[in-house]
Amino acid sequence: MATWPTPKVELALGSDPYDTTPTWVDVTAYVRDDPGVMSSRGNVGQLGAPVTTGTCSFLLDNRTRRFDPSYAAGPYFGQLKARCQVRVTATWSAVDYVIFRGFITGPQVVGTDGGKDSVVQIVAYDALSILARTLLSTGADGPTGVYITALTPTLWLRSLTASSWTDVGSGARTCTPAYLQSFIVGDTLAVGLTNSQSWVSSYGNTVGTLSSTLTATGNWSVQFWMTSTMDSAVTRHISSTTSTANMLGITAAGVLSWVTSTTDANRTSVVGSLVVNDGNVHHVVITCSGGTSFAMYVDGVADPSLTITTAGTGNDDFAVLSVGAGVTSTTIQDYAVFPSALTAVNALAMYGRGLGQIVQSSADRVTFLLDEAGFPSAWRDITTEAVAEVAELVYTGQSVLAALQQVERSEQGRMFVSADGLLTFLYRWAAYVAAVSITVSDDGAGEHYGGTLAISQTDDDMINDLTVTSRAGAIRYTDSASVTADGSYADSVDTILSDQAQLSSMAFGLVNERSTQTTRIDPMDLRYPNSWPTVLALELHQKMIVEHTPLGVGAQSSYETAITQLTYRMSTGLGWQITVAGAPLPAVDYWVLDVSTLGTDTTPGY
């Protein structure tokens with residue numbers, strides 16, 4: 001009689017969904033052995049298709065209404081609910097192997113046999129299911145608005161009508177001009193400035209006191225977007241406290257100028273060196289630390305040559321009275337004041353979000369998105385060897401999962417939730433450089449398969465005409481020899497790659513990989529494993545070798561694949577059943593650092 005691993009099913013009853021150290025309750029004794037515990041992770045689909053959400057299901061004995069969510073006298077009343085965490089492990093030789101970790105969708109009470117039996121059906125999904133239902137921005141302000149809100153501005157002029165601003169920083173306070181000129185509402189200056197309007201300034205657009213007073217010896221910052229073609233013989237101010245104090249303006253040389261006072265002995269002036277009246281859109285941040293240390297950032301870069309002149313021993317208190325009152329031929333948007341000295345990191349982050357792009361590695365982008373979503377860092381396994389550099393970042397209303405899959409396409413790596421619940425992001429060459437995790441053979445070596453072995457030669461994954469796109473452009477590459485020999489297999493890949501060089505490299509690389517037919521291993525049964533530790537430790541995208549000699553005729557065929565799907569049926573009475581499927585690793589010998597040998601017939605990786 002076969003000996004099987006010992007399964008264990010636990011529920012984190014009463015714990016929050018994102019509790020990384022929940023209190024687990026062992027409910028194995030109540031799991032019906034027929035049908036047992038079913039688990040499936042990964043999918044059998046086209047190369048490059050996103051990994052689908054992992055699933056797990058089982059039945060709980062409910063004859064005492066122990067798990068009935070409507071039974072107030074039950075021990076778990078109010079605790080067994082949607083997104084309750086679940087963990088399934090298998091124990092072999094005193095070692096625990098996690099098979100699945102995820103979140104239930106909610107219990108379903110099922111009565112059978114005319115009311116003589118009752119079970120609670122549990123269906124669970126891995127963390128991809130939560131990321132698919134989590135939006136990166138829950139409001140209309142987009143990534144820029146979310147970021148600025150977290151910095152707690154005391155003044156933030158966003159929404160605009162023909163006669164007033166809405167100051168978001170002061171609880172949607174309406175700011176009306178002291179004079180009667182109407183505002184000229186302009187187009188937004190940057191794609192990431194959602195739920196915000198610009199205004200075209202003209203002399204006299206002055207309002208009552210806008211911001212609360214910030215002390216001269218404290219910290220403060222100002223940020224805004226602008227475009228200007230103003231040509232003036234004198235400095236014209238963008239904002240000021242009065243007509244003579246705390247003036248922010250554009251000089252005759254077209255650079256920014258900050259003057260704390262124009263009359264008294266405490267005057268300090270800070271003059272930048274970067275031209276801003278060139279008609280281009282610019283993002284500006286000016287900071288003051290301790291009343292004495294100043295910095296200016298234009299388009300996320302610190303002005304390298306500030307001219308600071310101090311006439312006295314201190315600076316005036318700072319409170320904005322007017323915005324757009326002195327400059328002409330200038331458009332302003334998202335003017336905000338902060339009671340803190342923002343950093344270079346803040347300036348670059350606001351600039352990137354406003355443009356709708358942040359240039360970073362694919363791994364850093366995954367970390368960024370998960371941070372934005374509040375996904376626990378303890379549940380992440382992110383590569384440190386990312387290849388792709390990404391840029392585009394516009395995600396108002398987009399799910400976390402959709403944004404992560406954009407990054408996955410750009411890296412051409414793999415993203416999935418591991419058996420132990422970690423959001424895993426692998427880089428492009430992970431499967432190529434990995435050691436072989438399992439060999440399945442019909443000659444007695446390694447593990448053996450039972451039942452049917454289907455090895456498919458297919459053109460499902462073929463591409464010989466590929467267009468790769470991003471905001472940086474579109475690059476098309478065609479393998480004309482393959483098109484002539486096999487006909488056209490055209491496709492496109494939408495990415496967020498930062499430049500055309502990467503687009504070109506990916507187009508060539510993917511066509512080079514996939515311009516010929518591939519070999520796919522359909523799900524096969526690993527019956528009665530020789531090594532349970534080997535089989536129980538298998539993970540998606542690990543390397544698998546399948547060896548096959550049909551009826552012993554000819555030489556043995558060997559196929560190198562990446563594991564794309566793992567399914568389990570765990571039952572003491574019915575027995576265990578484990579199936580594994582593999583997708584082809586392209587028959588291209590890539591040159592890999594620390595692995596390949598110089599002078600061999602290898603292809604540079606894309």
Side-chain angles (χ1 to χ4, degrees), residues 16-18 20 40-43 45-46 48-56 81-85 101-106 123-147 149-150 191-195 349 352-353 355-358 360-383 386 388 390-418 421-426 469-471 492-497 540:
D16 294 334
Y18 276 174
T20 57
S40 178
R41 295 188 303 113
N43 52 285
Q46 187 178 11
V51 175
T52 55
T53 304
T55 64
C56 181
K81 57 185 180 180
R83 294 194 176 174
C84 172
Q85 294 186 53
R101 182 168 178 172
F103 310 85
I104 73 171
T105 59
V123 177
Y125 295 92
D126 66 28
L128 292 183
S129 64
I130 289 185
L131 296 175
R133 298 290 298 272
T134 302
L135 299 183
L136 284 164
S137 176
T138 56
D141 292 339
T144 304
V146 170
Y147 189 82
T149 298
V191 67
L193 302 182
T194 54
N195 199 31
R353 284 165 172 77
L355 287 182
Q357 66 176 27
I358 300 176
Q360 54 193 169
S361 74
S362 61
D364 287 344
R365 177 60 63 84
V366 169
T367 298
F368 169 85
L369 293 171
L370 294 176
D371 285 346
E372 293 277 293
F375 190 79
S377 58
W379 291 350
R380 307 178 192 179
D381 183 9
I382 300 173
T383 180
V390 299
E392 184 179 352
L393 179 69
V394 180
Y395 56 66
T396 301
Q398 186 180 34
S399 75
V400 181
L401 182 59
L404 288 170
Q405 288 172 343
Q406 284 183 318
V407 184
E408 181 185 22
R409 288 196 302 274
S410 302
E411 175 64 32
Q412 285 296 305
R414 299 307 285 162
M415 182 184 70
F416 55 89
V417 174
S418 66
L422 301 184
L423 190 287
T424 303
F425 182 70
L426 300 179
T469 63
S470 77
R471 187 182 289 180
S492 62
V493 179
D494 180 32
T495 74
I496 52 173
L497 292 170
L540 296 177

State which residues pass side chain to side chain donor-acceptor pair (under 3.5 Å) with Arg409; sequence neighbours excluded, sorted by chain then number. none

If we only count heavy atoms from C-beta on, is the Ile358 to Val390 side-chain gap below 4.5 Å? no

Would you say Leu370 and Leu404 make side-chain contact, with heavy atoms under 4.5 Å? yes

Thr469 meets the side chain to side chain donor-acceptor pair (under 3.5 Å) criterion, sequence neighbours left out, with Asp494

Within the structure provided, determine whether Leu426 and Met415 are in side-chain contact (heavy-atom separation under 4.5 Å). no

Tell me, do Leu135 and Val400 make a side-chain contact under 4.5 Å, heavy atoms counted? no

Sequence-distant partners of Thr144, side chain to side chain donor-acceptor pair (under 3.5 Å), two or more places apart: none

Judged by atom type as modelled, is there a donor-acceptor pair below 3.5 Å linking the side chain of Gln85 to the main-chain atoms of Asp16? yes

In this structure, CD of Gln412 is separated from CG of Leu497 (nearest 0.5 Å) by 9.0 Å

Taking every non-hydrogen atom, the tightest pair across Leu131 and Ser399: O-CB, 3.9 Å

Counterpart residues, side chain to side chain contact (heavy atoms under 4.5 Å, CB included), relative to Ala127 (two or more places apart): Phe103, Phe375, Val417

Donor-acceptor pair, side chain of Ser410 and main chain of Ile496, under 3.5 angstrom: yes

Roughly how far, to the nearest 0.5 Å, is CD of Glu411 from CD of Gln406? 14.5 Å

Is there a side-chain contact between Thr55 and Val123, using heavy atoms and a 4.5 Å cut-off? no

Qualifying residues under side chain to side chain donor-acceptor pair (under 3.5 Å), relative to Tyr147, sequence neighbours excluded: Asn346

Any residue meeting salt bridge (charged side-chain N to carboxylate O under 4.0 Å, His left out) with Asp371, in chain and number order, not counting sequence neighbours: Arg380

Of all residues at least two apart in sequence or in a different chain, which pass the side chain to side chain contact (heavy atoms under 4.5 Å, CB included) check with Thr149? Trp156

For Thr53, side chain to side chain contact (heavy atoms under 4.5 Å, CB included) partners two or more places apart: Tyr125, Asp126, Leu128, Ser129

Partners of Ala132 by side chain to side chain contact (heavy atoms under 4.5 Å, CB included), sequence neighbours excluded? Leu401

Sequence neighbours excluded, the answer for salt bridge (charged side-chain N to carboxylate O under 4.0 Å, His left out) partners of Arg471 is Glu392

So, do Leu423 and Asp381 sit near enough that their side-chain heavy atoms are less than 4.5 Å apart? no

For Arg365, the salt bridge (charged side-chain N to carboxylate O under 4.0 Å, His left out) test, sequence neighbours excluded, returns none

Any residue meeting salt bridge (charged side-chain N to carboxylate O under 4.0 Å, His left out) with Arg414, in chain and number order, not counting sequence neighbours: Glu408

Heavy-atom check, side chain of Phe416 versus side chain of Phe425, under 4.5 Å: no

